Asks: 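One structure, as structure tokens, below. Some questions next.
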Number of protein chains: 2
Amino acid sequence: MTKLPKMAGANTILHVAKASGLSPATISRVLNNHPYVKEATRKRVMDTIEKMSYHRNNIASGLRSNKSHTIGLIVPRISMTFQSEVITTIQNHLYKHGYNLMICQSNDSLQMEREMVKTLHSTRVDAVIAACTLNTTDFSHFDLLMNSGVPVIFYDRVPTSKTNATLIKGDDTRGGYLATSHLIEIGCKKIAHISGPLSCNLYQDRLAGFKKAMQQANLKINDNWMFYQELTFENARIAVKKMLNSNDRPDAIVADNDTSAIAALECAKEVGLKVPHDLKIVGYSNDSRSAITSPSITTIEQFPALMGQKIVEALMVLLGKSTANSEMLVEPTIVPVQLIRRLSA
Amino acid sequence: MTKLPKMAGANTILHVAKASGLSPATISRVLNNHPYVKEATRKRVMDTIEKMSYHRNNIASGLRSNKSHTIGLIVPRISMTFQSEVITTIQNHLYKHGYNLMICQSNDSLQMEREMVKTLHSTRVDAVIAACTLNTTDFSHFDLLMNSGVPVIFYDRVPTSKTNATLIKGDDTRGGYLATSHLIEIGCKKIAHISGPLSCNLYQDRLAGFKKAMQQANLKINDNWMFYQELTFENARIAVKKMLNSNDRPDAIVADNDTSAIAALECAKEVGLKVPHDLKIVGYSNDSRSAITSPSITTIEQFPALMGQKIVEALMVLLGKSTANSEMLVEPTIVPVQLIRRLSA
DNA sequence: TTGTACGCGTTATCAA
DNA sequence: TTGATAACGCGTACAA
């Protein structure tokens with residue numbers, strides 16, 4: 001007996017090697033499905049592994065191979081319907097490919113986001129997927145990763161300037177256009193817009209879509225009905241109250257998320273306006289709540305599962321596990337959107 | 001634009017040692033805040049680290065120290081409001097303590113749950129936090145972790161039999177009781193119950209609370225109004241339709257989640273019943289949707305943030321980072337619940 | 001207070 | 001097809 005046994009429950013490939021009368025290298029080959037292993041040997045090793053209930057130490061493996069089989073994910077918050085569905089899809093797909101997911105919530109804090117990039121770098125994740133905060137306009141903290149050869153995929157909230165990262169985003173321009181032109185088609189002429197802060201590409205694009213639809217219909221944009229703010233329930237209430245209490249009221253509201261749309265609906269009820277008769281409302285994201293209000297809210301579906309799937313596809317290309325769709329890496333991937341017509345507009 | 005060359009190899013403490021004219025051991029001591037380091041030396045090292053932009057390799061550190069500073073989390077799905085809030089709290093707290101979180105979704109599949117335990121074991125996580133699937137009645141797959149000295153905390157859906165793991169659960173018996181007795185107080189006598197499958201402790205307990213309230217009020221339980229099923233929207237619709245179309249209709253429904261309560265509300269509207277006048281409804285969990293239906297739904301608040309906090313507290317004790325509340329480790333921790341009265345009952 | 005030397009468990013590189 | 005052996009980067013006795 002050599003220096004083998006130390007503590008129960010800490011079997012290593014060395015133990016397996018001894019027990020099966022083979023070398024550690026062969027055990028490793030079996031574990032990694034290396035081609036040059038005789039079938040009989042493989043079987044013998046597998047049996048021993050089973051018998052000893054050996055489990056490979058991924059930490060040691062990672063140190064040697066420089067692969068952690070872990071993907072880092074940075075997201076503002078997981079509780080948003082859209083985000084949690086994207087993440088769910090990513091996680092399920094990645095798991096099938098043998099990767100783990102390390103999820104970090106920035107809580108929409110740029111400082112947290114910066115720290116998390118460092119942490120994920122130290123953890124030696126194989127790649128990072130990130131939806132940035134509303135305030136992230138400088139993306140240079142991600143250079144740390146890319147300079148070390150760690151691929152970065154941005155989705156949803158992405159940089160607008162040039163980058164070496166892979167970009168996957170929703171068709172927000174079209175989303176803004178669809179929401180607005182729908183209202184125009186059903187006769188609205190005085191359309192308000194509750195936008196998010198324009199520091200973020202999402203809201204820039206949705207605004208562009210809004211403007212395009214308005215211009216095409218020769219409708220003028222009333223600055224008193226344009227709001228650029230963090231899209232919270234309270235902020236929306238304040239904005240909508242102000243509009244509804246004025247002499248000149250809009251006949252429709254395009255909101256950049258469903259929380260704001262729900263707030264608008266609530267305000268309308270309080271003021272005694274009937275939706276959609278007196279005021280029409282369109283939201284954004286198809287939040288699970290938007291389907292169950294009375295009236296239910298017309299909104300923009302973003303297909304989070306599809307986006308998650310695209311993200312994993314790109315990831316597999318970046319990790320060299322796939323060569324399909326390698327053009328994803330140079331051109332931004334645009335995920336389609338769709339108007340979900342309900343009763344509010 | 002030329003692609004950035006992949007770095008030949010990141011800096012190591014050896015490089016830092018060379019550059020600062022010290023030994024690797026001293027660098028390591030500085031990184032780990034070891035007491036026996038002269039302040040001037042520490043400063044010198046920190047400067048060099050900064051200048052070289054050295055970042056510690058957590059994989060190597062983990063191999064040596066046998067600590068990954070990563071906590072594994074297994075959860076049926078992150079998209080449920082309750083779960084996503086628990087997870088958010090856990091993640092934010094853990095991050096402050098210097099731990100990462102590896103989240104695994106079992107999708108309520110027992111087989112996935114089993115695999116994920118193995119994966120987390122291989123990844124050498126420092127501890128595992130788990131909310132099990134609805135079908136997990138045998139928890140022995142977690143023994144792999146506990147036998148290797150990896151602490152396990154079960155929350156929400158926990159084992160009912162004896163275990164070495166730490167248990168943190170909601171007061172579901174009281175929740176079921178509060179929901180039912182509230183209905184009784186406001187005059188209901190014919191109360192239906194849409195329960196989850198009794199394989200799961202949650203629904204056993206809520207049912208016990210329901211029965212207790214019914215017995216105290218000398219109300220008899222009508223078996224035609226008792227349903228034990230996975231708590232999906234469709235299942236609830238079928239159950240409620242059946243009851244509302246029969247000759248003998250309940251005057252109230254206790255649902256074990258808000259999805260079922262929302263389905264009940266929808267069915268009632270379809271059949272032309274007014275809620276709460278003709279039918280009263282109480283849900284469970286205070287899902288974000290329950291507040292915005294018309295009428296809004298009375299439900300049971302489970303304080304997910306508090307539960308998340310308790311989980312981290314217990315974890316810190318288990319990891320030897322804290323000695324407060326060490327009784328958490330032997331007795332299950334019960335997180336309180338509260339009736340949120342809204343307009344549906 | 002700092003340095004030397006070794007080992008954590010695995011995989012890669014040779015050699016056989 | 002398999003084996004021997006040297007890394008991977010860090011932490012920690014032990015020595016100085």
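Every value quoted in this text rests on a predicted model; they were computed, and no experiment measured them. The sequence lines fix the lettering, A, B, ..., with proteins before strands; numbering per chain opens at 1.
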Asks: A:K67 NZ to D:dA7 P: how many Å, rounded?
Replies: 20 Å

Asks: Using the side-chain hydrogen bond (donor to acceptor under 3.5 Å, both in side chains) definition, which of the options A:T136, A:T133, A:D108 pairs with A:R157?
Replies: A:D108

Asks: Figure out the CG/P separation between B:N66 and C:dG7, and round it to whole Å.
Replies: 17 Å

Asks: How are the rings of A:H141 and A:F139 set to each other: parallel, tilted or perpendicular (split at 30° and 60°)?
Replies: parallel

Asks: In whole Å, I'd like the distance from the CG atom of B:L22 to the P atom of C:dG3.
Replies: 5 Å

Asks: Return the value, rounded to whole Å, for the distance between atom OH of A:Y36 and atom P of C:dT13.
Replies: 15 Å

Asks: Are the side chain of A:N107 and the backbone of A:S109 linked by a donor-acceptor contact shorter than 3.5 Å?
Replies: no

Asks: For B:F142 and B:I74: C-alpha separation, side-chain torsions, deciding distance, then whether side chain to side chain contact (heavy atoms under 4.5 Å, CB included) applies.
Replies: CA-CA 11 Å; B:F142 288 95; B:I74 299 177; 4.2 Å; yes

Asks: Which pair of heavy atoms, one from A:I78 and one from A:Q105, lies closest together, and at what distance?
Replies: N-OE1, 3.1 Å

Asks: Expressed as a whole number of angstroms, how long is the span from B:R44:CZ to C:dG3:C1'?
Replies: 13 Å

Asks: Parallel, tilted or perpendicular: which describes the rings of B:H121 and A:H55, with under 30° parallel and over 60° perpendicular?
Replies: perpendicular

Asks: Between B:K18 (NZ) and C:dT4 (P), how many Å, whole number?
Replies: 11 Å

Asks: I need a per-nucleotide contact map over nucleotides 10-16 of chain D, read 5' to 3'. Cutoff is protein heavy atoms under 4.0 Å; write B for the base, S for backbone only, - otherwise.
Replies: BBBB---

Asks: With nearest nucleotide decided by heavy atoms, which residue, A:S23 or A:L63, maps closer to the 5′ end of DNA chain D?
Replies: A:S23

